[in-house]
Amino acid sequence: MTLAGATALVTGATGFLGGDIVRRLAAEGARVRALARRPGRDVYIRDVPNVEIVMGDITDAARMNELAAGCDYVLHCAAATGGSMTYQRRLNVDGTRSVMQAAAAARVRRVVHVSTIAVYGYGYTGDVTEDMPQKPGRVPYNVTKSEAEKVVREVGADNSLPYSIIRPGMIYGPRSGMWTMFMFNLGKRSPTIFLGDGSGYVHPIYIDDVVDMAVLLLTHPAAAGEAFNCAPDPAPTWREFLGGYSALAGHQNWRGLPALPFRIIAPLAELALTLRGEPQDVPALIPFLQGRKTYKMDKACRLLGWEARVSLDDGIRRCEPWLREKGLLP
Ligand SMILES: NC(=O)c1ccc[n+]([C@@H]2O[C@H](COP(=O)([O-])OP(=O)(O)OC[C@H]3O[C@@H](n4cnc5c(N)ncnc54)[C@H](OP(=O)(O)O)[C@@H]3O)[C@@H](O)[C@H]2O)c1
């Protein structure tokens, strides 16, 4: 179904994923209300035809009601990806509630909520499908994103508000601070130093593929009320992912560090991170990084006919111009 002429509110529009979603919706002819909470953060989407930048905070229910009024669709990308449980709960759970309630009051046709594979937690190995129980553990991001999904389902059901949930893996591509810039810097170092032999699985998904699926979920009839993984299936190894960045930097050297010392200092590392206000379950994270699991894509293929189009090799190649622009590659 076409989005041309429809009005879509995008939260998190000044962020990495939200910015590309805004541009894609505008290119498809939608009128986009792009939510910015801070002035000066909208450079990537400013002056794009069909895009109106609107100011607001997702936790401000009255403002969200004003902004959702008259919209056909809402794409909810805004989130806190770090910070204390209290902070992340306010943004990710309370913020999601006010976005959903505003969408319900505006009687929009559908909300697409951007979740994450982190809702499954660190405990799974093997195949992970959408119907498996969420075990987010004690990491604030994982817990609050899982709680946000519950809010989406509750407000959706209580108000007959159609919704769909996308659970991306690690989104990489130009403008990604974590999964491209940081990982490239790790891979660039010769030898690349990582935990073990790098045979644990990682879940990088190229930005364009995530945008494709998020936009498709807005209108696909079979997506209503459903959640979908959005990750590489089969998953590559850390050696392949980081090694791809190493190859871009001109080497293939790898030094694997034994996991045992990391396991021993894990509780201390956790304490240090908690004191810094960034709680993380480090003891569980180490086996997670070494584990072999794939977030399965059968459901998206079966219900939506969707599959990722950008291979890991191609995705990494597509990051090259941006890394060069950032001065990280000669
Ligand atoms: N990046 C990944 O690898 C990844 C993987 C899986 C899922 N996700 C999910 O994808 C979504 C987007 O992530 P991202 O990587 O694009 O994050 P990001 O670059 O940090 O963007 C987050 C966006 O949310 C906005 N925001 C935060 N608090 C807000 C508030 N109170 N009111 C209004 N806007 C607020 C930020 O505004 P400012 O510009 O003012 O900070 C920013 O536009 C999130 O829901 C995240 O959980 C991301």
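Ligands are counted one by one from 1 in listed order, and the atoms in each one are counted from 1 as well.
- Each of the following atoms of ligand 1 lies closer than 4.0 Å to a heavy atom of Trp179: 3 (O).
- Between Met170 and ligand 1, no N or O atom pair is found at a separation short of 3.5 Å.
- The closest approach between any non-hydrogen atom of Gly177 and ligand 1 is not below 4.0 Å.
- Protein heavy atom in closest approach to atom 9 (C) of ligand 1: Val114 CG1, 3.6 Å.
- Using a cut-off of 4.0 Å between Lys/Arg side-chain N and Asp/Glu carboxylate O, Lys145 and Glu149 are scored as not salt-bridged.
- A salt bridge is defined here as a Lys NZ or Arg NE, NH1 or NH2 lying under 4.0 Å from an Asp or Glu carboxylate O, and Asp20 with Arg24 fails to meet this definition.
- Some N or O of Ile171 is nearer than 3.5 Å to an N or O of ligand 1, by distance alone.
- Taking a 6.0 Å sphere around CD of Gln252, one finds it holds 12 or fewer heavy atoms contributed by other residues, nucleotides or ligands.
- When heavy-atom distances to ligand 1 are checked against a 4.0 Å cut-off, Ser176 has no atom that comes that close, whether in backbone or side chain.
- Of the candidates Ala80, Cys77, Ala79, Gly15, it is Cys77 that places a heavy atom closest to atom 13 (O) of ligand 1.
- Under a cut-off of 6.0 angstrom, the local environment of CZ in Arg107 is sparse, with at most 12 non-hydrogen atoms contributed by other residues, nucleotides or ligands.
- Nearest protein neighbour of atom 43 (O) of ligand 1, counting heavy atoms only, is Thr14 OG1, 2.7 Å.
- Nearest non-hydrogen protein atom to atom 41 (O) of ligand 1 is Arg38 NH2, 2.7 Å.
- With respect to atom 16 (O) of ligand 1, the closest heavy atom belonging to the protein is Leu17 N, 2.9 Å.
- When each of Asp212, Leu17, Val310 is paired with Ile207, the side-chain contact (heavy atoms from CB on, under 4.5 Å) condition holds for Leu17 and for no other.
- Among Thr11, Thr59, Thr81, the residue whose heavy atom sits closest to atom 17 (O) of ligand 1 is Thr81.
- Of all protein heavy atoms, the one lying nearest to atom 31 (N) of ligand 1 is Asp57 OD1, 3.0 Å.
- At the top of the distance list for atom 7 (C) of ligand 1, counting protein heavy atoms only, stands Ser115 O, 3.1 Å.
- Contacts of Leu91 with ligand 1, taken as heavy-atom pairs under 4.0 Å, involve the side chain alone.
- For the pair Arg167 and Tyr295, the cation-pi criterion (under 6.0 Å, within 45° of the ring axis) is not fulfilled.
- Heavy atoms of Gly95 stay at 4.0 angstrom or farther from ligand 1.
- When the heavy-atom distances from atom 6 (C) of ligand 1 to Gly169, Gly56, Ala148, Ala34 are ranked, the shortest goes to Gly169.
- Ion pair Glu147/Arg89 flagged as a salt bridge, since at least one NZ, NE, NH1 or NH2 atom sits closer than 4.0 Å to an Asp/Glu carboxylate oxygen.
- When heavy-atom distances to ligand 1 are checked against a 4.0 Å cut-off, Met178 has no atom that comes that close, whether in backbone or side chain.
- Of all protein heavy atoms, the one lying nearest to atom 46 (C) of ligand 1 is Tyr141 OH, 3.4 Å.
- Within a 6.0 Å sphere centred on CD of Glu307, other residues, nucleotides and ligands contribute 12 heavy atoms or fewer.
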Stepwise salt bridge (Lys or Arg N to Asp or Glu O under 4.0 Å) check, Asp57 with Arg37: CA-CA 5 Å; Asp57 190 299; Arg37 69 166 163 170; 5.1 Å; no
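- Neither side chain, Tyr141 nor Asn92, offers a donor N or O lying under 3.5 Å from an acceptor on the other.
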Chi angles and distances behind the side-chain hydrogen bond (donor to acceptor under 3.5 Å, both in side chains) call for Asp313, Ser311: CA-CA 5 Å; Asp313 285 353; Ser311 69; 5.5 Å; no
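- In terms of protein heavy-atom proximity, atom 45 (O) of ligand 1 is nearest to Lys145 NZ, 2.7 Å.
- Taking only nitrogen or oxygen atoms, main chain and side chain alike, Arg37 reaches within less than 3.5 Å of ligand 1.
- With 3.5 Å as the limit, one finds no donor-acceptor pair spanning the side chains of Asp94 and Thr59.
- Within the listing of ligand 1, atoms 6 (C), 7 (C) sit less than 4.0 angstrom from a heavy atom of Thr116.
- In this structure, Arg309 places its CZ atom where only 12 or fewer heavy-atom neighbours from other residues, nucleotides or ligands lie under 6.0 Å away.
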